[in-house]
Protein chains: 2
Amino acid sequence: MRLSTRAQYAVRAMVDLSLHSEGRPVSLREIAQREDIPLNYLEQLFNRLRRGNIVESVRGPGGGYLLARESAAILVGEIVATVEEPLTPVSCMDKGKGRCTRTAACTTHTVWEMLGERIRNFLDSITLEDLVSEARRRIAGAEQ
Amino acid sequence: MRLSTRAQYAVRAMVDLSLHSEGRPVSLREIAQREDIPLNYLEQLFNRLRRGNIVESVRGPGGGYLLARESAAILVGEIVATVEEPLTPVSCMDKGKGRCTRTAACTTHTVWEMLGERIRNFLDSITLEDLVSEARRRIAGAEQ
DNA sequence: GTATAGTTGACAAAAATTGTATGGTATGTT
DNA sequence: AACATACCATACAATTTTTGTCAACTATAC
């Protein structure tokens, strides 16, 4: 049970982006440096985030990425789901085969389904804004 | 975010074991056949489950495994944690380095920590007995 | 037109997971 | 005692997934 670094990178990058963009686009190069994430890898992630309508891109020099919405309207769960694709804890759930014989398998499935729901609910209960203000508090605290 | 098949196998096998053991040891061969799990792989899992005090083994012919406790006292979270080892969603948490610079990384950590806690709490809220009685209901329903 | 920076897809490296093989040890049965 | 069963343990191979890299392209500000 492990969250991919994809998801971790994505959330961190989004926090970083929110913190440093004051309406201005932020380049991935900046983010990659500050957060120590491989640039090319970040590009892949932001492609997904863009298609997922979480960020918008500005091309050309001085370009970069912007939040597609205000940070209070972006859920952590969205970010994770977008870069992660299936957020079901068990693979046999995606294919709608519904085979499920009478074995124990069938019974345990409901557990994994519920677990997946809990995970999604939790991550959807946190907004990007929550993390950003938490981060600001942290920075303010460290500066003293 | 995906649960290993290890964990799925382990929980299924434990349900199967509970269903078919009436105080008698159940061999892994049986379980492997019914649940369609590679025998050698199951053996590895049950080694961990034994060391984790979730099952007891009986060697020799007619041997097999028994629950170490009544099924109502065995939590699904225990089973998963035992075969899975670290149940933290993020790897950098195991090593107690506590590095955590002032970047966004630090802020997101608390999210993953809380997520891990939620996952554990949920899985610990379900007992093996819950699953077994659910399975029995399912079987009874299918027989009509 | 040149430099910046996003866009895309293919691919390679690395890690983790899953599964297999082999050789053991304990024990009940004949 | 011999034999069969079934657990015990470790090493290793195959596979899959994840992570990261490369190269070529497009848009745009200056």
Side-chain angles (χ1 to χ4, degrees), chain A residues 1-10 12-13 17 20-21 24-33 35-52 54-68 80 83-92 94, chain B residues 1-10 12-13 17 20-21 24-33 35-52 54-68 80 83-92 94:
Chain A
M1 193 93 232
R2 184 135 287 192
L3 207 63
S4 62
T5 72
R6 255 207 298 288
Q8 300 173 52
Y9 282 170
R12 269 171 57 198
L17 170 54
H20 293 92
S21 162
R24 305 247 158 258
V26 180
S27 72
L28 291 189
R29 173 192 291 252
E30 278 183 63
I31 299 178
Q33 270 178 353
E35 297 296 330
D36 194 37
I37 298 172
L39 175 59
N40 290 313
Y41 203 35
L42 252 196
E43 288 179 341
Q44 288 175 35
L45 300 182
F46 271 76
N47 266 318
R48 298 211 204 187
L49 293 173
R50 182 173 50 81
R51 283 180 219 151
I54 293 176
V55 296
E56 275 170 9
S57 65
V58 179
R59 302 176 73 147
Y65 286 92
L66 293 164
L67 298 186
V80 174
V83 299
E84 195 100 308
E85 289 311 349
L87 204 55
T88 53
V90 163
S91 63
C92 64
D94 337 276
Chain B
M1 193 93 232
R2 186 135 284 195
L3 206 63
S4 63
T5 73
R6 253 208 300 288
Q8 299 173 53
Y9 281 170
R12 269 170 58 198
L17 169 55
H20 294 93
S21 161
R24 304 247 158 260
V26 181
S27 72
L28 290 187
R29 173 192 290 251
E30 279 181 63
I31 298 177
Q33 270 178 353
E35 298 295 330
D36 194 38
I37 298 171
L39 176 59
N40 290 316
Y41 202 36
L42 250 197
E43 288 181 340
Q44 290 176 35
L45 300 181
F46 271 76
N47 267 321
R48 298 210 204 188
L49 293 173
R50 182 175 50 83
R51 283 180 219 153
I54 292 176
V55 296
E56 276 170 8
S57 67
V58 179
R59 301 177 74 147
Y65 286 92
L66 293 164
L67 298 185
V80 174
V83 299
E84 196 101 308
E85 290 310 348
L87 203 56
T88 53
V90 162
S91 62
C92 62
D94 337 274

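Each chain gets a letter, A, B and so on, in the order the sequences are listed, and its residues count up from 1. Since this is a predicted model, take the numbers as computed values, not measurements.
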Compare the minimum distances between each of C/dG19, C/dG6, C/dA21 and the side chain of B/Asn40, then state the nucleotide with the smallest one.
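Among the listed nucleotides, the one closest to the side chain of B/Asn40 is C/dA21.
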>> Give me the atom names and distance for the closest heavy-atom approach of B/Pro25 to B/Leu66.
In response: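 Result for this residue pair: N-CD2, 3.5 Å.
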Non-hydrogen atoms of B/Arg29 and B/Leu39 that approach each other most closely
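Taking every non-hydrogen atom into account, N-CD1, 3.8 Å.
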Treating [X] as the side-chain partner and [Y] as the backbone partner, does any N or O pair qualify as donor plus acceptor under 3.5 Å?
| X | Y | value |
| --- | --- | --- |
| B/Ser4 | B/Ala7 | yes |
| A/Arg6 | A/Glu84 | no |
| A/Arg12 | A/Glu35 | yes |

Both A/Gly60 and B/Ser57 contact DNA chain D. Which one's nearest nucleotide lies toward the 5' end?
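By nearest-heavy-atom nucleotide position, the 5'-most residue is B/Ser57.
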Please give, in whole Å, the distance from [N] [atom2] to [X] [atom1]?
| X | N | atom1 | atom2 | result |
| --- | --- | --- | --- | --- |
| B/Arg12 | C/dT18 | CZ | P | 13 Å |
| A/Arg6 | C/dA15 | CZ | C1' | 14 Å |
| B/Leu42 | C/dT20 | CG | C1' | 14 Å |
| A/Phe46 | C/dT8 | CZ | C1' | 17 Å |
| A/Gln44 | C/dA13 | CD | C1' | 14 Å |
| A/Glu30 | C/dA5 | CD | P | 8 Å |

Q.
Distance criterion of 3.5 Å, no angle test: do you see the side chain of B/Arg59 paired donor-to-acceptor with the base of C/dT25?
A.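 It does, because a donor-acceptor pair links the side chain of B/Arg59 to the base of C/dT25 below 3.5 Å.
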Open item on the list: Once you apply a heavy-atom cut-off of 4.0 Å, does B/Tyr65 come out as touching a base, just sugar-phosphate, or nothing?
Closed with: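 The residue B/Tyr65 makes sugar-phosphate contact but no base contact.
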Using a cut-off of 4.0 Å on non-hydrogen atoms, how would the nucleic acid contact of A/Arg51 be classed: base, sugar-phosphate, or nothing?
->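 The residue A/Arg51 makes sugar-phosphate contact but no base contact.
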task: Using only side-chain N and O atoms of A/Arg50, determine if any of them is under 4.0 Å from OP1 or OP2 of C/dG6.
output: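 So the side chain of A/Arg50 is outside the cut-off, no N or O lying under 4.0 Å from OP1 or OP2 of C/dG6.
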ask   = Between B/Glu43 and A/Leu39, which has a closest nucleotide on DNA chain C that is more 5'?
value =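 Counting from the 5' end, the first nearest nucleotide belongs to A/Leu39.
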Item to check | Opening and closing nucleotides of DNA chain D in contact with chain A, under 4.0 Å to non-hydrogen atoms | outcome: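 That gives a stretch of D/dT18 to D/dA29.
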Exercise for review: Quickly, which of A/Glu43, A/Gln44, A/Arg50 forms a side chain to side chain donor-acceptor pair (under 3.5 Å) with A/Asn47? Name it, please.
Suggested key: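 Among A/Glu43, A/Gln44, A/Arg50, the one meeting side chain to side chain donor-acceptor pair (under 3.5 Å) with A/Asn47 is A/Arg50.
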What class does the angle between the rings of A/Tyr65 and A/Phe46 fall in, given that below 30° is parallel, 30 to 60° is tilted and above 60° is perpendicular?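 A/Tyr65 vs A/Phe46 ring planes: tilted.
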